[in-house]
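Structure record follows, encoded as structure tokens.
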Protein chains: 2
Amino acid sequence: MIEKLSDEARSAALSGLPDWTHDAERDAITRQFRFADFSEAFAFMTRAALLAEKMDHHPEWFNVYNKVEVTLITHDCDGLSERDVAMAKAMDGFA
Amino acid sequence: MIEKLSDEARSAALSGLPDWTHDAERDAITRQFRFADFSEAFAFMTRAALLAEKMDHHPEWFNVYNKVEVTLITHDCDGLSERDVAMAKAMDGFA
């Protein structure tokens, strides 16, 4: 079972993810990425997809042309876990 | 300029796309695809992305794990065009 972040751990994690917004209702984080075009956006999605499959931790995401809207949440614990923080940091690195 | 489908052409096209729903308000079509897992879902998205880039016609899509929700519309004519019909048929073939 994956553990949900404590309030303290969540606050610390969010301060390290300034481009992400905390959705308090779902206890999820969201970020909108913008790229030059679809090719760049889908290249980003492909890198993230490979990591998601490796981590067995998958994003909720919406894409239209150069925009990718990502929501990260850990369904197993119905809120944020370390996995979401790791995935968010990796996505920031890919973008 | 890409032309919007006439009412007759749209009806004919929709009858050939039984798994798609017409959103009359936007004059768009939508379909939800379901796969065995994320790997299959993203493989589908990758094939569709390559075609989208080749056609210069890009879907609006949302993915979570094994589900892909697709909306097709031609922004240039603010409604359905032949491009959407071609993309929908290709996606049906990929799935």
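The structure presented is a predicted model; accordingly, all values stated were derived computationally and were not measured. Below, chain A is the first sequence line, B the second, and so on; all start at residue 1.
- By the rule that hydrophobic residues join a cluster once side-chain heavy atoms approach within less than 4.5 Å of another member, A/F94 and A/V68 end up as members of one cluster.
- Under the 4.5 Å side-chain heavy-atom criterion for ILVMFWY residues, a single connected hydrophobic cluster contains both B/M91 and B/F35.
- At a threshold of 4.5 Å between side-chain heavy atoms, the hydrophobic network of Ile, Leu, Val, Met, Phe, Trp and Tyr places A/F44 and A/M55 in one connected group.
- In plain terms, the two heavy atoms of A/A52 and B/F38 that are nearest each other are CB-CE2, 4.4 Å.
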Show me, pair by pair, the donor and acceptor atoms from chain A and chain B that are under 3.5 Å apart.
residue	atom	partner	partner atom	Å
A/W61	N	B/N63	O	3.0
A/W61	O	B/N63	N	2.8
A/W61	NE1	B/N63	OD1	2.7
A/N63	N	B/W61	O	2.8
A/N63	O	B/W61	N	3.0
A/N63	OD1	B/W61	NE1	2.7

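- By the criterion of side-chain heavy atoms lying less than 4.5 angstrom apart, applied directly or through intervening Ile, Leu, Val, Met, Phe, Trp or Tyr residues, B/M87 is grouped together with B/F42 in one hydrophobic cluster.
- Under a hydrophobic-cluster definition in which Ile, Leu, Val, Met, Phe, Trp and Tyr are linked whenever side-chain heavy atoms come within less than 4.5 Å, directly or via other members, A/V85 and A/I29 are assigned to the same cluster.
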